[in-house]
Structure formats: structure tokens, C-alpha cells
Q: 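Below is the structure I would like to discuss, written out as C-alpha cells.
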Amino acid sequence: MGAISRRMVLGWAAIGLGGIVTGVASCGTGQPTPSGSPLVTAPTGNAPSGNPPTAQLAEPPVLRSENGLLEVAMTAVAGATKLAGRTVRAAGYDGRVPGPTLRVRPGDRMVITLRNALAETTNLHTHGLLVSPQGNGDNPFVEIEPGESFTYEIALPDDHPPGVFWYHPHHHGMVADQVFAGLFGAIVVEDADEIPVTRERVLVISDVTITGGGGGGGGAGAVASAGPADRMMGREGETVLVNGQVRPVLNARPGERERWRVVNACVSRFLDLRLSGQDLTLLGLDSGRVPSPSRVDAVVLAPGNRADLLVETRAGTSLLEAEPVDRGAPMGMMRGARPVASVVTLAELVVDGAVAGALDRVPTAPAPLDLSATPVARTREITLGIGMGPRMGVGMMSFTIDGKEFDPDRTDLAVPLGDVEEWTLVNSSPMDHPFHLHVWPMQVIRIGSQQQSEPTWRDVVNVPAGQGTVVRVAFDRHPGRTVYHCHILDHEDLGMMGVIEVA
Ligand code: C2O
Ligand code: CU
Ligand code: CU
């Protein structure tokens, strides 16, 4: 195999590896399912033994700020953990998967003391928050050694957008393993104007492969480790979990309005979510609210993306499902090497009983900022690539940005504070890379050839195989040094990450 040529990449794209749009897809744009209909699901999908079929969705404990302050002490620990209805050797914040949900308001301060009870280095990142990356803020360069503690202080600006965010470790080289093992949790930033709902749920979706222990409910197993091929592809666990559970049940009455905060905490898996038979409205994706919330049939979440959804319930039983998403494969790996993915059932929503009374209407959100007509200080091209490299000695291709693997001591991009920039993210490889920038949200101008018709803000945006995605970023506050990377966390760990400094 030689270096990746442009033509080769385009060839790969032409045989259908590209084209996943992160955001909202309308009905019929999803991949065809093996059964030919998204409504028909093999009952065997994602329902290993050991999980009673009637288990109710359990939610992580909620820690809420008081008088502008949320003080949290958490321990990252590995050991016997309840996961997928079994006791598994995994990891978790305070020993649970997911960790506690942190609920804050704009203007709040979070003081989080993380104790590292793992046998390896870790740290903490508050994904998606518009906060300072400096010092003991949302600083991905912090290293917390085994047995040590570190106290983060994260100050949310008064105008911080509402939405669902999340936290996870960010120590380079170990991020995928630690997230896969169970280290993640949700953060909710509340709305200024409360949205009237019957109830709110947090659904943190993750995937895992559990080895050993056998089935039958109760045998101890362990979270599987990933080999070189898994890492190059980006590992996808065999079992997809909601709040650490396999196919939990949610109950509601008809006519209710639920708000679902959905996090894609999978290391590499894209989620093309469906909930047939119910009225689904997308309120927001990543942060803030969409300009005009509308009914959707599907929501595609790249790894790291979150959705803020309203579900207006109708009588009947509906399945929350994830359709398979083809995100390509590294070169030299046969497409057939991966088993053909099928629809995965994530949860079951049972709606019955007396019809609930009507709620007040959903307040409209302020119009989002729009940079599409703003003069930009400069444009840049940033290339995500896979190729031959020093890792070939260990059977691993190199995963690079602008031809370089991550080096924490090198600053790749220097941006003057206050500038607006336009970035063309180019994917020269035959697989999709969801691009993530810390601290400063990105306004998506186009993905591939698909121009955005209204202001679309993301902190993770897909760059389809062999294509380009254009974003604009206002570096208007929070000077400091932080990172941008592929949110297929295996790729990040393999080097597809760069350092940006805003000053
Ligand atoms: Cu969710 Cu830098 O990551
Ligand atoms: Cu992040
Ligand atoms: Cu990637």
C-alpha cells in the first residue's frame, strides 16, 4: 500500500463510504435496513440474557447547583460494576455507569474534585461547555496520576447556551479505553425559560463488549480490550446501552410531553435514532436551541453529539432504535470484514392509560447567532488523514491532522482573540471523521455539498470520507490552549488531534 492518493480517496467515496450528515435526517434518508423497513426489527437485536425484559429505565443520580455553585467530589474507579444487567469488571465515576448527571444554570460555577482510583493516568473534560480551557478549568492537558486528586473550577458565562453536554476523561492515548470502560456522564445546562413538560429523562447511550462470565444473568465478565484493527476502525461495542442498561422500558400516558436529553457516549458508533409511532421534535443538537423546532423522523448523532428532544406521546408501544450507519473503513480493511450491522433496539416506550391534560406551549428560543455573512479574519484548511507512518511497525496506520500526529508540546494553530475564522475541514481518508473543537462552538456552513439553510451550531461535526466540511468559529472569548480532534476516540488516541492556542 502506498500513501493515500486523492483519486483513491474519491474512489472509495464513490463506492458509497461517505455521506453521513450529522444532524437531522428526514424519513427515508437513512440506510436501508436488512429487513427493508425500519419498523420491523429482529427481536433478537441487542437483548442478551441477564437483563430482565421489564427493567425500567434507571437514571443516574442528579447533582444540582445551589446558589450558583455546584460542588462535586467524584472518584474514577475500576472494579465490579453493574452494567448491562450484570456485574462486570468495568470503570465508572463513583463506580457507576453513567456517572452522576450534573445540572447547572448559565452563570454557575462548578467545582469538581476528581480522585483517580484507577491504575492509570486520567483527567476530566466537560465536553461542549463554553468555558475557559486554562489552569484548573476545562484543561485537557491536566494529568491526574493514580491515587491523586485534582480540583477543577469551571465557570459558565451568564449567556451560556442551554442544552445537554457531557463529561469524560481526556488523557491522550487512554481516552477510548476509559470511555469504553464506562467513564462518562451527562451535564445539563438549564433553560432561562423553562419548557413545560410532563417529565424529563436523560438517556446516555454507550456501547460495550463484555467478555467472559457467560450469559444467564450474573456471571462476572469484563469489558473487552481493543486490538489494532478495532482501534483503526474505531471500536464499536457489541451491546448498545441506555444508562448502562440493555433495552430498558419507559412508561408514559398518551398526550404527555417528555423531554429527552440524549448523549452519544459511544467511542466510535454513529447513532441514527428513530422512535416510530411517536411525535418527535428536535429542540437542539449539541448546544442551544434550533431556530425553529420541527418534527423529525430521525436524528443522527456522531460520537460526542447530543440531542435535546421532545416526545409527544401516542398510545402504543414504540421502539427507540438505531439504524446502522456506514462510516467507511481504513484502507486495506475489507468492507466485509465487519459483520453486517443491523438495527439495534435501544429502549421500549410503552404508552397507555388515561390521556394526559394539555400543557402550555413551548416558548420560542432567541434567534441563534449567524456568522455566515460576517467578514472572516482568515481561512484555513485542516486535513484529516490516515496513512503510513511510524506506527506501521506495530501494524497500525497513522491518524493525523495536517500530516502530523498529536504532540502536546506543539501548537498547531495560533488564533488572535476576537477573530472569526473559516475552516475547511478536508477528509482525505476513506472513512468518516467527526471533528470536534473544544471551547468555541462551530457554525456549520456546509457538509460535503450540503449547504446549511439556517444557522447550525455544533461542537462535533462530521467530515464525510473523501469530502469537506466548512465551519466558522468566533474566537471571541476564553483565551487559552486546548485541542481539536476526531471524536472517534480511538482515532484521537492514535494521534488525530491538534493543539490550538487563542491569545
Ligand atoms: Cu468529547 Cu475532546 O472531547
Ligand atoms: Cu470535547
Ligand atoms: Cu476519525
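When a residue number appears, it is its place in the shown sequence, counting from 1. As the structure is a prediction and not an experimental result, all values here were calculated from the model. Atoms within each ligand, like the ligands themselves, are counted from 1 in listed order. Computed over heavy atoms, backbone and side chain alike; hydrogens, waters and symmetry mates excluded.
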Q: Hydrogens and angles aside, do Gln443 and Asp370 bring a side-chain donor and acceptor to less than 3.5 Å of each other?
A: yes
Q: Measuring from Thr122:OG1 to Glu148:CD, what's the distance to the nearest 0.5 Å?
A: 12.5 Å
Q: Excluding waters, which protein N, O or S atoms are within less than 2.8 Å of the Cu ion (ligand 3)?
A: His433 ND1, Cys486 SG, His491 ND1
Q: Report the residues that fulfil side-chain contact (heavy atoms from CB on, under 4.5 Å) with Val439, sequence neighbours left out, ordered by chain and then residue number.
A: Pro133, His478, Thr482
Q: Do you know which two heavy atoms are closest between Met74 and Pro100, and how far apart they sit?
A: SD-CG, 3.9 Å
Q: Using 2.8 Å as the cut-off, note every protein N, O or S atom close to atom 2 (Cu) of ligand 1.
A: His170 NE2, His438 NE2, His485 NE2
Q: Once rounded to the nearest 0.5 Å, what's the spacing between atom NE2 of His160 and atom CG of Leu129?
A: 4.5 Å
Q: For the Cu ion (ligand 2), what is the closest N, O or S atom on His436?
A: NE2
Q: Do the two ring centres, one from His127 and one from His170, sit under 6.0 Å apart?
A: no
Q: Tell me if the centroids of the rings in His433 and His487 come within less than 6.0 Å of each other.
A: no
Q: By side-chain hydrogen bond (donor to acceptor under 3.5 Å, both in side chains), which residues pair with Asn264, not counting sequence neighbours?
A: none
Q: Name of the His125 N, O or S atom nearest the Cu ion (ligand 2)?
A: NE2
Q: Ring centroids only, cut at 6.0 angstrom: are Tyr93 and Tyr167 within range, meaning strictly under it?
A: yes
Q: Of the options Arg472, Arg477, Arg378, Arg380, which is the one that meets Asp419 in a salt bridge (charged side-chain N to carboxylate O under 4.0 Å, His left out)?
A: Arg378
